[in-house]
Every structure is written in C-alpha cells, then in structure tokens.
Protein chains: 2
Amino acid sequence: MNEPQLVRGLGEQIVERLREDILSGRIAEGERLREVDLAKRFSVSRGPIREAIQQLAWEGVVETDRNKGALVSTSAPNEITELIIPLRCTIEKYAIRLYFDQLTEDDFLVWETILQKMKQACETNDFALISEHDIAFHRSLVTRAHSPDLLAIWSAMVSRIRRHFRESHLKYKNPIQIYEEHLPIIEALRDGSLTETLQTIEDHIE
Amino acid sequence: MNEPQLVRGLGEQIVERLREDILSGRIAEGERLREVDLAKRFSVSRGPIREAIQQLAWEGVVETDRNKGALVSTSAPNEITELIIPLRCTIEKYAIRLYFDQLTEDDFLVWETILQKMKQACETNDFALISEHDIAFHRSLVTRAHSPDLLAIWSAMVSRIRRHFRESHLKYKNPIQIYEEHLPIIEALRDGSLTETLQTIEDHIE
DNA sequence: TGACCACAGATTGTTAACAATTAACATTAA
DNA sequence: TTAATGTTAATTGTTAACAATCTGTGGTCA
C-alpha cells in the first residue's frame with residue numbers, strides 16, 4: 001500500500017528541478033519562463049513542461065496569465081510572513097507527531113544525507129544551495145507523514161515565504177551555523193522524546 | 001488592474017464543471033474518471049482534460065496514480081481536519097484585521113447578498129447549495145483583504161476540508177440555523193468592534 | 001483445482017504539428 | 001513628436017497521433 005511511486009512522470013521530475021532552481025534563487029524572482037526554452041533545456045516536449053508550470057503556479061512559485069506565460073512570483077510581503085511562519089511550524093509539528101513512533105534507520109539516513117549536503121553547501125558559502133537543502137530538509141519532515149494533503153498545504157505556504165529562508169541565512173556570520181542548527185532536531189528525534197522534538201522544531205523555526 | 005480574466009481556457013472551464021459535478025454528488029465518490037470519456041463529453045481533446053484533472057488532484061477533489069488515472073476522492077475527512085480548522089480560523093481572523101478599519105457599505109452589500117442566497121438554499125433544504133454559499137461567504141471574508149497569497153493558502157486548506165462543511169451542516173435539525181449562525185459575524189463587523197468580530201469568527205468556526 | 005504466464009484491449013504518458021493570441025516594431029497621419 | 005494602426009515574429013492554447021503501461025482474460029501445466 002502507498003507505493004513510493006518508483007517511476008515518476010517527466011512532469012513531476014521537472015517540477016522538482018524547477019522548484020529547486022527557483023527556491024534556491026538560481027532562477028530569479030520576476031524572471032519569465034518560456035515553454036519552448038524549458039522544453040529544450042529538459043529535452044522533452046511542451047506537455048510535461050506545461051504540467052510542471054501548472055503545478056508550480058498552484059504552489060505559488062510562479063504566476064501565470066492566460067496567453068502570457070509564467071513569471072517566477074515575487075515572495076510575499078513580510079507582514080504575511082509573520083502569519084505564515086507559525087502556521088508552518090504547526091504543520092511540521094503535526095506531521096512529526098503522526099509518524100514519531102514509527103521511525104526507522106532509513107528515515108534518519110534520508111535526513112542525514114540532506115544535512116550532509118547542506119554542510120557542504122555551508123562550507124562553500126553557496127547560499128542558494130544552502131536554502132535549497134534547508135527547504136528540502138523541512139519538506140522531508142512533512143513528506144515522511146505520507147499525507148498528500150499535509151504536503152500540499154505546507155508547500156502552498158513555504159513557496160510564499162521562500163525569501164524568508166534566504167534572508168534569514170544571510171544573518172549568520174559563519175554559514176556552518178545554519179547546518180549546526182539543524183542537528184538538534186535529528187538528535188531529539190533519535191532520543192525518542194516527542195515533546196522535546198516538537199520544542200526543538202519550534203525553537204528552530206521561529 | 002486585476003482584470004477578471006474575460007476569456008478562460010478550456011481547462012479552467014472544465015475544472016469548474018467537474019468540481020460542481022463532484023461536490024454536488026452527480027459524480028459519485030470513488031468513481032473513476034477516464035480521460036477519453038471526459039474528452040468526448042466536453043468535446044475537447046485530452047489536453048485540457050488532463051489539465052483539469054491535475055488541478056482537481058491538487059485541490060484534493062480527485063486522487064491520481066501514475067498510469068492508473070483519477071478517482072473521485074473518497075478519503076474520509078481525515079484527522080487532518082482537526083489541524084486545518086484552527087489554521088483556517090487564524091487566516092480568516094488575520095484577513096479581517098487587515099481591512100477592518102476600511103470597511104464600506106459595498107462590502108456589507110457583498111456579504112449580505114451571499115447570505116441571502118444561503119438563506120434561500122436553507123429554505124429549500126438544498127445542502128449542496130448551502131455548502132457552496134457557506135464556503136463562498138468565508139472566501140469573501142478572505143478575498144476582501146486583496147492578498148492573492150492569503151487567498152491561495154486559504155483555498156489550499158478549505159478545498160481539503162470541504163466535506164467538513166457538508167457534514168457539519170447535516171447536524172442541524174433546521175437548516176435555517178446555518179444561515180442564522182452567520183448573522184452575528186456581519187453584526188459584529190457593523191458594530192465596529194474588532195476584538196468582538198474576531199471572537200465571533202472563532203466561535204463560528206470552532 | 002490453482003498458480004503462473006502470455007496476449008490483447010483499454011488507458012494513460014508523450015510528442016509534434018496546427019491554431020489562436022500576444023507583443024514588438026515599423027509605418028503613417030495629425 | 002506622438003498617437004494610432006497594420007504587419008510580423010514569438011509564444012501559448014489545442015489537437016491528434018504515437019508510445020508506454022496497466023488490467024483482465026484465457027490457456028497451460030503441475
């Protein structure tokens with residue numbers, strides 16, 4: 001049940017690559033996305049490209065006007081950020097509660113792999129990559145709950161506060177601190193204390 | 001600014017018609033949606049059909065498996081409802097705060113028009129229509145803030161708890177009570193007391 | 001009988017061509 | 001010059017054909 005979907009459609013693969021490019025900032029805010037360009041870049045036809053763009057539009061990553069194509073949307077104003085962040089925190093804590101007592105070593109492997117990549121990005125001061133892995137890590141916290149509904153709502157929020165991630169990263173004198181701040185989450189999960197884990201998440205996000 | 005999009009793509013039109021069919025029950029839960037059937041029914045090719053199905057899948061109205069097509073969502077009102085309802089309440093209260101001191105008579109006209117339609121639906125015991133106007137009313141509370149981001153996040157949530165609306169309505173012995181429960185919100189807004197309005201919203205959504 | 005496999009029909013995934021719309025630019029007239 | 005207009009290129013919307021995948025049926029063999 002709930003097969004992990006071994007083979008994925010082209011559209012889904014492209015969604016992930018485009019989302020990474022945009023959330024990390026490699027594709028700038030306001031930039032225009034042309035279907036034929038993307039089709040050439042990913043060596044597919046426009047069908048899967050349109051599929052990917054529609055998905056990103058619903059997530060709020062890009063904005064589309066009929067017959068005018070898609071623009072990378074500009075991040076939400078800060079006042080909404082203040083609303084969204086606690087909501088996002090609530091969702092992540094809720095997700096963790098769902099699977100907390102079913103954790104396996106595979107789960108930790110996934111998270112530690114992401115954090116390892118984040119560490120490398122920190123060491124090379126690649127802030128785009130840091131943001132990408134930061135978001136990927138938190139996304140994986142939600143994904144683990146295997147609830148498409150939860151993930152959809154979380155995505156709709158996070159894509160709108162992605163600038164908050166990047167800007168919060170810039171505050172650190174030494175980027176490696178960004179990596180280090182994620183370690184307590186994994187440690188708390190390993191220790192097996194639910195309340196401590198939730199508290200760690202809350203401290204981390206705020 | 002913010003043109004109402006005069007001409008809409010085939011995909012969008014089909015989304016609306018399919019969503020109505022599903023929410024009203026004309027297409028039953030669990031029923032399978034075949035692309036060619038829908039294409040014939042709407043006299044278009046499979047392209048716009050796939051577009052519509054993808055959108056409904058994101059909204060949570062249908063579920064799709066790769067290479068297996070789409071089913072009308074039957075997933076019970078998961079425990080996620082308990083998470084989403086307070087989040088939704090938070091968003092609506094936040095929205096109201098944004099425009100509370102800029103209300104005009106036009107705003108009340110919009111709301112009272114919706115409630116009037118809801119009243120008629122209550123009088124004819126048309127629960128599908130009651131739900132439709134109930135959701136429309138709350139959506140208009142959010143729309144008034146003129147924040148596409150806020151509306152998108154709210155929509156992502158509400159489309160996933162729409163069944164909660166229907167089922168909560170069924171609890172009433174006399175449907176007119178559903179209508180009457182919305183009146184205090186408008187009254188509080190008219191009275192001009194922000195804190196009282198927010199409290200009313202909270203009590204209403206509970 | 002029951003498990004296994006092959007095959008055919010049905011269904012979705014992908015592609016490329018065609019149609020409709022938009023945007024940019026040159027042309028013309030006031 | 002500037003505004004209005006016609007023309008052309010670029011871009012998105014739609015369609016239909018082709019490829020890949022799944023599902024069910026029937027047969028074979030132990």
Side-chain angles (χ1 to χ4, degrees), chain A residues 1-19 21-22 27-74 148, chain B residues 1-19 21-22 27-74 148:
Chain A
M1 58 165 77
N2 245 342
E3 296 290 343
Q5 185 97 332
L6 270 43
V7 181
R8 320 191 11 177
L10 294 178
E12 293 177 62
Q13 297 175 38
I14 292 167
V15 163
E16 294 199 354
R17 292 185 58 181
L18 276 182
R19 183 168 43 210
D21 283 345
I22 294 171
I27 300 181
E29 289 184 358
E31 192 164 325
R32 186 168 175 189
L33 297 178
R34 288 185 191 77
E35 295 181 359
V36 281
D37 293 347
L38 296 174
K40 249 188 291 188
R41 174 179 159 195
F42 292 111
S43 300
V44 297
S45 69
R46 283 172 50 221
I49 297 293
R50 288 173 65 84
E51 197 178 315
I53 286 179
Q54 192 192 343
Q55 163 99 19
L56 292 174
W58 195 210
E59 289 182 17
V61 178
V62 306
E63 288 169 359
T64 61
D65 280 339
R66 181 174 161 77
N67 288 322
K68 290 186 201 168
L71 299 178
V72 176
S73 36
T74 54
Chain B
M1 59 163 79
N2 247 341
E3 295 290 344
Q5 185 97 331
L6 271 42
V7 181
R8 315 179 31 158
L10 294 178
E12 294 176 63
Q13 297 175 38
I14 292 168
V15 163
E16 295 198 354
R17 293 185 56 182
L18 275 183
R19 186 171 30 213
D21 283 347
I22 293 172
I27 299 181
E29 288 187 354
E31 191 164 326
R32 185 167 177 191
L33 297 178
R34 287 186 193 78
E35 295 182 357
V36 281
D37 293 347
L38 296 174
K40 250 188 290 186
R41 173 178 161 198
F42 292 111
S43 300
V44 298
S45 69
R46 283 171 51 220
I49 297 293
R50 288 174 65 83
E51 195 177 316
I53 286 179
Q54 192 193 339
Q55 163 103 14
L56 292 175
W58 168 264
E59 291 183 15
V61 177
V62 306
E63 289 170 355
T64 62
D65 279 339
R66 179 172 164 78
N67 288 320
K68 291 187 201 168
L71 299 177
V72 176
S73 268
T74 173

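First the proteins, then the strands, lettered A, B, ... as listed; each starts at 1.
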Minimal non-hydrogen separation, [X] against [Y], with atom names:
{"X": "A28(A)", "Y": "V72(A)", "value": "O-CB, 3.4 Å"}
{"X": "G30(A)", "Y": "L71(A)", "value": "O-CD2, 3.8 Å"}
{"X": "I53(B)", "Y": "A70(B)", "value": "CG2-CB, 3.8 Å"}

Can you measure [X] atom [atom1] to [N] atom [atom2] for me and round it to whole angstrom units?
{"X": "D65(B)", "N": "dA10(C)", "atom1": "CG", "atom2": "C1'", "result": "17 Å"}
{"X": "R34(A)", "N": "dA9(D)", "atom1": "CZ", "atom2": "P", "result": "17 Å"}
{"X": "E12(A)", "N": "dT12(C)", "atom1": "CD", "atom2": "P", "result": "16 Å"}
{"X": "R32(A)", "N": "dT22(C)", "atom1": "CZ", "atom2": "C1'", "result": "9 Å"}
{"X": "L33(B)", "N": "dT11(C)", "atom1": "CG", "atom2": "P", "result": "13 Å"}
{"X": "E35(A)", "N": "dT14(C)", "atom1": "CD", "atom2": "C1'", "result": "15 Å"}
{"X": "N67(B)", "N": "dG9(C)", "atom1": "CG", "atom2": "P", "result": "20 Å"}

Residues R41(A), D21(A): salt bridge by 4.0 Å N-O rule |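 Salt bridge between R41(A) and D21(A), a charged N being under 4.0 Å from a carboxylate O: yes.
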Do the non-hydrogen side-chain atoms of F42(A) and L10(A) ever get within less than 4.5 Å of each other?
->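 The answer is no, as the side chains (C-beta and beyond) never meet within the 4.5 Å cut-off.
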Can you tell me how far CD of E35(B) sits from CD1 of I49(B), rounded to the nearest 0.5 angstrom?
->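 Taking CD1 in I49(B) and CD in E35(B), the distance rounds to 8.0 Å.
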First locate atom CD1 of I27(A), then atom CG of L38(A), and finally report the distance between them rounded to the nearest 0.5 Å.
->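 Output value for this atom pair is 7.0 Å.
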Keeping the roles fixed (side chain from Q54(B), backbone from E51(A)), state whether a donor-acceptor pair exists under 3.5 Å.
->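 Yes, Q54(B) side chain to E51(A) backbone: donor-acceptor pair under 3.5 Å.
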Does any N or O in the side chain of S73(B) come within less than 3.5 Å of the main-chain N or O of G60(B), such that one atom is a donor and the other an acceptor?
->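 Yes; at least one donor-acceptor contact below 3.5 Å.
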Under a 3.5 Å cut-off on both pairing distances, which runs of 3 or more consecutive Watson-Crick or G-U pairs involve DNA chain C?
->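 For DNA chain C the paired stretches long enough to count as stems (3 pairs minimum) are C:1-30 with D:1-30.
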For DNA chain C, what residues of residues 38-55 of chain B have any heavy atom nearer than 4.0 Å?
->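 Those residues whose heavy atoms fall under 4.0 Å from DNA chain C, taken from residues 38-55 of chain B in numerical order, are R46(B), R50(B).
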The side chain of K68(A) lies closest to which of these nucleotides: dA23(C), dT12(C), dT23(D)?
->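 Of the candidates, dA23(C) comes closest.
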